[in-house]
Amino acid sequence: QVHLIESGGGLVQAGGSLRLSCAASGRTFSSTAMAWFRQAPGKEREFVATITYYSGKTTYKDSMKGRFTISRDNAKNTVYLQMNSLKPEDTAVYYCNSMPPKRDYWGRGTQVTVSS
C-alpha cells in the first residue's frame with residue numbers, strides 16, 4: 001500500500017516562505033498526477049495545485065498563482081510545494097494526494113501557520 005508523508009510545515013511571518021515535501025513510502029508509487037490540498041480550521045479541504053507525472057505540467061488555483069510552485073522528483077518519489085509571499089489566510093493543514101485524490105492516500109498533513 002502507498003503511504004504519503006507530508007513535511008516542511010511550520011510557523012512563519014507574513015511575507016515569508018516555506019517548502020513542503022510529500023514523500024511516498026511503502027510499495028512503489030504509480031505514475032500518476034499529484035496534487036496539494038489544504039484545509040483551514042472550520043473550512044472544507046480545497047485544491048491548491050497539481051502536476052502531471054510525465055510532462056510535469058502544472059496548474060494552480062487562482063489565489064495561489066504567482067506565489068506557489070509545485071514540482072516533483074520522480075526518482076525520489078517526492079512532490080514539493082514552494083510557498084512564497086505567505087499570507088495569514090494561507091494558514092491551514094496541507095495535504096498531498098493523487099489527482100483525482102484517493103481516499104486511502106490521505107495522510108496526516110503538515111501544519112502551516114502564517115502570523116500577521
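On a predicted model such as this, the values are computed, not experimentally measured, just so you know.
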Exercise. Going by the disulfide bond (SG atoms under 2.5 Å apart) test, which pairs reach into residues 59-112, not counting sequence neighbours?
Worked result: Cys22-Cys96

Exercise. With side chains defined as the heavy atoms from C-beta onward, is the minimum distance between Met34 and Met99 less than 4.5 Å?
Worked result: no

Problem set entry | Contact list for residues 48-86, test disulfide bond (SG atoms under 2.5 Å apart), sequence neighbours left out | none

Problem set entry | Worked verdict on Glu46 versus Lys61 for side chain to side chain contact (heavy atoms under 4.5 Å, CB included) | CA-CA 9 Å; Glu46 67 173 338; Lys61 186 176 178 66; 3.3 Å; yes

Seminar exercise, completed: By side chain to side chain contact (heavy atoms under 4.5 Å, CB included), Ser71 pairs with (sequence neighbours left out) Tyr80

Seminar exercise, completed: Heavy-atom closest pair (Val93 atom, Arg108 atom, distance to 0.1 Å) is CG1-O, 3.8 Å

For this session: Hey, could you give me the CG/NZ distance between Leu4 and Lys102, rounded to the nearest 0.5 Å?
Result: 10.5 Å

Exercise. Rounded to the nearest 0.5 Å, how far does CZ of Arg72 lie from CD1 of Ile51?
Worked result: 6.0 Å

Exercise. Looking at NZ of Lys65 and OG1 of Thr58, how far apart are the two atoms once the value is rounded to the nearest 0.5 Å?
Worked result: 10.0 Å

For this session: For Asn74 and Tyr53, indicate whether the former's side chain and the latter's backbone hold a donor-acceptor pair under 3.5 Å.
Result: yes

For this session: Quick one: do Tyr60 and Thr69 satisfy side chain to side chain contact (heavy atoms under 4.5 Å, CB included)? Show the steps, please.
Result: CA-CA 8 Å; Tyr60 302 88; Thr69 302; 3.8 Å; yes

Seminar exercise, completed: OH of Tyr94 to CD of Glu6, rounded to nearest 0.5 Å, is 12.5 Å

Seminar exercise, completed: Closest non-hydrogen contact found for Thr50 with Ala33 is OG1-CB, 4.4 Å

Exercise. Where do Met64 and Phe47 come nearest, in terms of heavy atoms and distance?
Worked result: CE-O, 4.3 Å

Side-chain atoms of residues 109-116: list all donor-acceptor pairs with protein atoms under 3.5 Å, sequence neighbours left out, distances to 0.1 Å.
unit_1	atom_1	unit_2	atom_2	d
Thr110	OG1	Gly9	N	3.0
Gln111	NE2	Ala92	O	3.4
Gln111	NE2	Thr113	OG1	3.4

For this session: Answer with yes or no whether the side chains of Asp73 and Thr78 bring together a donor and an acceptor at under 3.5 Å.
Result: no

For this session: Scan residues 74-93 for pairs that pass salt bridge (charged side-chain N to carboxylate O under 4.0 Å, His left out), counting only residues two or more places apart or in two chains.
Result: Arg38-Asp90, Arg67-Asp90

Exercise. Do Val79 and Tyr105 share a hydrophobic cluster (ILVMFWY, side-chain heavy atoms under 4.5 Å, transitive)?
Worked result: yes

Problem set entry | Least distance between heavy atoms, Trp36 atom then Ser21 atom | CH2-O, 3.6 Å

Problem set entry | With sequence neighbours excluded, residues passing ring pair (Phe, Tyr, Trp, His ring centres under 6.0 Å) with Phe37 | Trp106

Problem set entry | Phe68 and Leu86, any side-chain heavy atoms less than 4.5 Å apart | yes

Exercise. What distance separates Ile70 CD1 from Lys57 NZ, expressed to the nearest 0.5 Å?
Worked result: 14.0 Å

Seminar exercise, completed: When every non-hydrogen atom of Ser85 is compared with those of Ser17, the smallest separation belongs to N-OG, 4.3 Å

Exercise. For the atom pair OG (Ser7) and CZ (Arg19), what is the distance rounded to the nearest 0.5 Å?
Worked result: 10.0 Å

